Every structure is written in structure tokens, then in C-alpha cells.
Number of protein chains: 4
Amino acid sequence: MTKLITKKRLSREQSQAQTRECLIQAARQLFVQHGFGGASIRDIAEEAGYSQGAFYSNFPDKEAILLELLRRHMEAEVMQLSSVFATDVLTGDEVLAELDAWALTLHADGDWAMLSIELQLHANRSPAFAAEYGAIWRVHRNALSRFIERLFEHLALVPPAEPGQLAAGFIALAQGLGLQRASIHPDPTGSMIMLFLRGLIASAQVMAK
Amino acid sequence: MTKLITKKRLSREQSQAQTRECLIQAARQLFVQHGFGGASIRDIAEEAGYSQGAFYSNFPDKEAILLELLRRHMEAEVMQLSSVFATDVLTGDEVLAELDAWALTLHADGDWAMLSIELQLHANRSPAFAAEYGAIWRVHRNALSRFIERLFEHLALVPPAEPGQLAAGFIALAQGLGLQRASIHPDPTGSMIMLFLRGLIASAQVMAK
Amino acid sequence: MTKLITKKRLSREQSQAQTRECLIQAARQLFVQHGFGGASIRDIAEEAGYSQGAFYSNFPDKEAILLELLRRHMEAEVMQLSSVFATDVLTGDEVLAELDAWALTLHADGDWAMLSIELQLHANRSPAFAAEYGAIWRVHRNALSRFIERLFEHLALVPPAEPGQLAAGFIALAQGLGLQRASIHPDPTGSMIMLFLRGLIASAQVMAK
Amino acid sequence: MTKLITKKRLSREQSQAQTRECLIQAARQLFVQHGFGGASIRDIAEEAGYSQGAFYSNFPDKEAILLELLRRHMEAEVMQLSSVFATDVLTGDEVLAELDAWALTLHADGDWAMLSIELQLHANRSPAFAAEYGAIWRVHRNALSRFIERLFEHLALVPPAEPGQLAAGFIALAQGLGLQRASIHPDPTGSMIMLFLRGLIASAQVMAK
DNA sequence: TATGAATGAGTATTCATTCAT
DNA sequence: AATGAATGAATACTCATTCAT
């Protein structure tokens, strides 16, 4: 997102918020395209239509803008999942339908897949970043985990493994497919995830009364 | 692996092979630790105990050593898979046991997961590299794909999707789990993969006679 | 020219202009002394009293500073020639006197000869540079060419060859003499040029009415 | 010139002489194409079909092969000029015809023009090289100088300047035109030189009896 | 707040040269 | 005499970061 040239006078705060926003969107785009290491602050600032100095007026360093992106994604993700939880009474088929929709969502936001991998990789290397990242990741996994739990309850089946582990597995699958999608071939991320999920359901045992 | 200071005289060829080997192992280690972009040739050469020039006497550029690592891993992988194919008469259960062993292998080589992701990411960004990488990747997937095909034949089941796609799915899962393992928690990649595989088997239809 | 340490506060623009100027003069000196290939950016920056980064804040690459030097010389050259054209009514002898003065000017700027050769050599090897260089060179030759044309008109003589070719010949002579001057012996470039010019005049035919 | 693969056994000396010759021709070609600084020893050795070590078995360093090229050119040049002097009785017109032929020779050996400039430039920068180069250059100029002297004697004219200076002027002109020829336009070096020479003749005074 | 010139440490890569074979 | 792996210093160029304006 490039700097908007507007005639309306913005208050100081509004104007700063706009600068921040432009920088964040530019960073997002460039991290996705070239990775965290491959995107330079100069390029981010330029893409946003500002100077390098503007970057440092808004963020202490390069890592900070990556964390901001993570924070934003988490917010979106949480909202999405909680909207699924909103309607509490669902049949097993309805839940699967919801999941289908969620899987397609993953597919749609192709950018996020790459960004998510950048985040993960950076966490693997920067302990400071790992702490913040880990916390957010756990929230994400727990949400997915509770979802899976509920799904099996609805179906009156015993999950074939601890729900937390299944959740981690699905996140891994989504990340791995995202990694491939960019280069290998246009692949059906969504349907792949559903395929594995249906497999898990098929192999689950009926719950003991 | 640092340069070995040996008193034994090595022949020319042996000495060169040693240098090459040291550089490759140093590169492997540093690529895993800091990523392709994060590992400098200076560091690789230093870690190996040689000068930067020694690197360029052995490899045309930085990408070349990454490809060499890929080539080596593939050789190992292919040997491993073909050893499973060696004994032709296996019951369904025997094949699953073999697979269990194979899945544990994946887990053992923890480094490879990270390296594999570096490879994939670099391919996503360097078209020249992507060409070479893609070729090797396809070989890998096809080997796995034929394996899956055989497995379902043995079990007299119809695979729930095209074997090539299932293969890609398992590779994605392994990569994604590897990505998590380094930072999140020590998790049982192998058993996760078996879990999904058993699910697929459970959801497959019996083959029509 | 080394960085001037001044106590006076300079405005932003003035300070940048000073940096640029120091770099240009340092580059000029080192290109003359060691050639384009032999002068490193590190040396240029150091000679100017700045960091290498300062160079790249002011010029996109090494070629750019060479072009800047060319541009500057051309401006000076064009101003000089146009001042000769200024007074329109000149007798043949007066024109020759003007030329004598101009030829001595060539001699004065001893450095330029070497720089001019560096420029030409670099153009012979870098097609990108050749394009820019060629354009400026043609302007130079055309100015000289028109001058020669006018001179022969004044003298009512037919030039013994196309003025453009004669201009190229004089430039070649000046460059060749410059090349020798640095090492062989201190020789009077100016008078040599006049000698050849008077020869051409002597061998020219009287213009038909 | 690439290594010749011959079945005939060469004596040790012959074989070394062949290696030397190949290296010299390869160096000649690459110095012309890329300049002295731009041609690497690795490239020269490779072009000749040998290893870098072979270069150092035959020449102490890079400058040595440049000097060897100079020495060879001098031999050729001296032979050429002395063949012109061979026939002692020539009319003025015959001498001009000879000169025409000589001028065309200059044109033909386009390579030498560039090499000559490389030589001159390197002499301007390396005092050690300059000493050797200067000696050879003076021989060349003196030969040309005596030639010009004789020409004017034949024509019974007083040369318009010291013959040594005229000789230097013609060499400069030839070098300058050579410099331009590579990049600017296909130009008539030979005829340009004759044009200037005829001019000098036209402007010369008849010799006092 | 935002600018962007300047810094200094870093990058991949090249090269003349050495030396054990 | 010829090889070519290895060296060490140099090269053009990039980048996150600082700071006077």
C-alpha cells in the first residue's frame, strides 16, 4: 500500500497511524516476496512511499514490524475461529462443512502461508522473537485443538490422538503445503487437509458409552 | 566438521576430497543454523578451517553447495526407499511395519527438516535453482508415490486420491512438522505421519474385483 | 580534494554538495593516476575523507562518477567553444589566433587527456557506458566540426575532407598526444595541433565562386 | 591460439616453446579484448589450453608477458620500416606511395592499436615497465623520424617542424584514431594520416639552395 | 514526525600468486 | 615443466542503523 496523497488535513495522530499502516502493508508484501532477510528496510520504506527514517520513527527495528504482522494475523485468526464457535449447536456434517470453509480460507490467503513460514524460521533463530511467537502459536493451536475436540464429540468418536497433537499436525500440513504451493504446482491445499481429516475420522473408534 | 590436522600424507585427490567434505559439512551445519541467506561463505570456509578461496576452488558459487547437499540427501533417501522395495513379497502388515521404521528415520535426521525448508524457500526465490531443485523433488515424490500405490495394492484398497498428491501431502506434513520441531516442542514426527497414513487407509474403499 | 573541516555550519544541501564535490575530485585524481579499473571505490572514498557508503549515497555505481566527470568536462568545453563563436565577425587571421588560444587550453588541462582516454577505453568495453559516452562525444565532435566548417568558410577555402572527419582527426590527435605526454616527454600538444591545422589550410583549394 | 594436440613427440625444448607461444597469443588476444587489467592469468592460461601453473613456469609475472608482446611488435615494426628504406632511390611520389601502404598497414592491424594503448597506459603507471617501453618507443619514433626527414629531402622542402616531433605527432594520431575506431565508427585511419601528411607537405617551404 | 546523508560492518566473488605433487 | 588446490587480499556493492536537520 503506497502513501495516499490526501488533501484532507489529518491530525498528527491520524497521520502517524497512516504512516505506520503503509509501512506495515509494504513490509508484509516484501516479506512474503523476498523473505525476512531478503527484504531491506530501505525497500520497505520506499514501497510505502516514505524515507528510511520514517521506519525508525515507527518501529525500533526490523524484528518489530515482523511481530506487528504476527499480532495482526493472530487477531484475525482468533476472530475467524470464534465465529465458527458462535453457533453452538451443529450436527457432525455441519461441522465438517464449516471445516471445509476454513480449509479453503487457508488456501485463499496464500501470502500468509509464506509469512507464517518466515515467522517460524525467524523464531527458530531469534530466541527473543521465539518467546513472543511461541505464545501466539500456542493460542492458535489451542483454538484449533478445542475445535477438533468438539468435532469428535459431535461425531461420538474417540480422537485417534491427543487433540493438541492433531492440531499441530494440521498446522504443519497447512504450512508444508503452503511452502510447496509457491513453486511446485498449483495444489489443492484445502482438499488435502480435508482428506487427512476424513481419514482421521474414519480411523477413530466409536466412543464408549 | 573442522579441518583435521593429520600427520599422514594424503594424496592430492584425497586431500581435495577432504577439503570438499569439510566445506560441505560446515555448510550443512550453518545452513541449518542460520538459513541459506544467513550463512556467509566466509563463515562456512572459516568453520571448515579453510580460506574463502578454497570454497571457490571447490564450488562455482553459493547455490552449488546447497544443491550438493540436496543431491546427497536424495541419494540416501532413494537408497532407503529402494531397500524397502527389495523384498517383494510382503503382507499388508509387514508393509506398515516397514513404513513405521521409515517414519522414525525421518524423525532421526532432525537437521534435514530445516535444510529441506531452506531448499524449498530458496527454490521459491531463485528460478535457476528452482529448475534443478524441481527435478530432484519430482524424483523424490515419484518414488514415494509409487510406494503408496503399492501399499494400497497390497491392501486391496482404492487410494482416496491420486498417489502423487498423497505423496506431496506427506512431504508437506514432514516439512511442516520439521519446521515446528526446532522451536515449538519435541514432537513425534514419525508417529504423526503414521497416524495420517492409517487414517487414509481406514477411509479407503475396498477395491472392486 | 580532501574533506574540509570547517567550523561553519553548512545547510543540508551545502553539506551534501560538498561531499559530492570531494568525491568527484578524488575520483578524478585517482582515475587519472591509476585508471578506471585501477582506482577502487574504497580508495576514492578514503581519499575524499568519507566512507564507502557515502559514495553510494551520492552515485549509483562506479560508472556514474565517470560519467559525471565527462559531463563536467563537456560543459566547460562547450562554453569555451561557444565563447569563440560569440563574436561573429572575424577575419581569417583573427580566427587562427582564437584557435591558437584554444589549442593552448587543451595543453593546460593535462589531466583531462588521461581521463579522456580512460573514458574512451571504458566505452570500448562497457556497452551501457558506450551509449551515454557516444552521445556526449558526438556533441563534442559536432561542435568542433561546425567550428572547422566556419573557419574554412572565412578563409574561402574548400575543406580537404568532411568537417566531421577532420574534427574526429583532431580529437584523435589530441588524445594521442595526451597519452604520450604523461610518460614520454613534455611536448607541446597545442602547437602540434596548430601545425596540422595550418597544413590542412595550406593544402585546401580555393572555393569556387 | 589454443594448445595444438599433435601426435609427434616434441623435444622438451620444443614443447616448452610451444607452451610459451600459445600463452603469448592467448594473452595478446585477451589484452586487446579486455585490457591489461581486465585479462586474468587464469583466463589467459585457459584460453591457451594450459593451467595457471604453466603460466608461472614460463613468465615471472603478468607484466613479463606484456613486455614480451612489446618486444615482438618492435621486431616486426623495425623489419617493416627497414624494408621501406631498402630501396634507396625513390622519387617523391614513390615515397608517398610507400607511406600510403604503411598507413594502410596501421589500419589493418587493428589489434595492435589497442595493445599499443594498453602498453602506453601501463607505462604511464609502472616506472619499471616505462623504462623498457620508453626505449622501444624511441627506436620506433627515430625510425619514423628519419623516414620523414628523407621524405622532405626528396621533395626539396623544409619540414615545418623538427622531424622527431612530427614523428611523435603521427604516432599520436595513429593511436588516437585506433582508440576511436573500436567504438565510435568505422573510420579511415589510413587516409586520415595521409591527409595530415599532405597538409604538412603543402605548408612546407621550398628548401633554400 | 519525518528526512536522507553518512556510517561501518557485511556480502559474494575475483585474482595474482604459491607450492606440494 | 606442468598441475591446480589453496591462499589472502582486494573488489564492487548492500544494509541496518544513526543523527543533524
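Here is the naming used below: chain letters follow the sequence lines, and residue numbers restart at 1 for every chain. In this text the structure is predicted, and so the values were computed from the model without any measurement. Reckoned from all heavy atoms, side chains included, excluding hydrogens, waters and symmetry mates.
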- Pick base, sugar-phosphate or nothing for A:Ala39, based on heavy-atom distances below 4.0 Å to the nucleic acid. sugar-phosphate
- Message: My understanding is that only residues two or more places apart in sequence, or in another chain, count here; which of them pass side-chain hydrogen bond (donor to acceptor under 3.5 Å, both in side chains) with D:Glu118?
- Response: C:Arg125
- Message: How many whole angstroms separate atom CZ of B:Phe129 from atom C1' of E:dA12?
- Response: 17 Å
- Message: Using whole Å, what does the distance between atom P of nucleotide E:dT11 and atom CD1 of C:Ile41 come to?
- Response: 19 Å
- Query: Do any pairs count as a salt bridge (charged side-chain N to carboxylate O under 4.0 Å, His left out) and have a residue in residues 50-60 of chain B, sequence neighbours left out, and if so which ones?
  - Reply: none
- Message: List the residues meeting side-chain hydrogen bond (donor to acceptor under 3.5 Å, both in side chains) with D:Ser116, not counting sequence neighbours, and say none if there are none.
- Response: D:Gln175
- Query: Among all residues two or more places apart in sequence or in another chain, which pass the ring-ring contact (aromatic ring centres under 6.0 Å, His included) test with C:Tyr56?
  - Reply: none
- What is the nucleic acid contact for C:Ser51, judged by heavy atoms within less than 4.0 Å: base, sugar-phosphate only, or nothing? base
- Item | With D:Ser126 via side-chain hydrogen bond (donor to acceptor under 3.5 Å, both in side chains) - residues at least two apart | D:Glu63
Just list the side-chain donor-acceptor pairs under 3.5 Å for residues 30-45 of chain B, sequence neighbours left out, or say none.
from, atom 1, to, atom 2, distance (Å)
B:Ser40, OG, B:Asp43, N, 3.1
B:Ser40, OG, B:Asp43, OD2, 3.3

- For C:Arg42 and for A:Thr19, find the nucleotide of DNA chain E with the closest heavy atom, then tell me which residue's nucleotide is more 5'. A:Thr19
- Residues from residues 53-63 of chain B sitting under 4.0 Å of DNA chain F, heavy atoms only? B:Gly53, B:Ala54, B:Ser57, B:Asn58
- What nucleic acid atoms does A:Gln52 come within less than 4.0 Å of, heavy atoms only: base, sugar-phosphate, or nothing? base
- So which heavy atom on C:Leu23 is nearest to which on C:Ala54, and how close? CD1-O, 3.9 Å
- For DNA chain F, the dot-bracket notation using Watson-Crick and G-U wobble pairs below 3.5 Å, [ ] for pseudoknot-type crossings and | for other-strand pairs, is .||||||||||||||||||||
- Pairing residues for C:Phe129 by the ring-ring contact (aromatic ring centres under 6.0 Å, His included) criterion, not counting sequence neighbours: C:His122
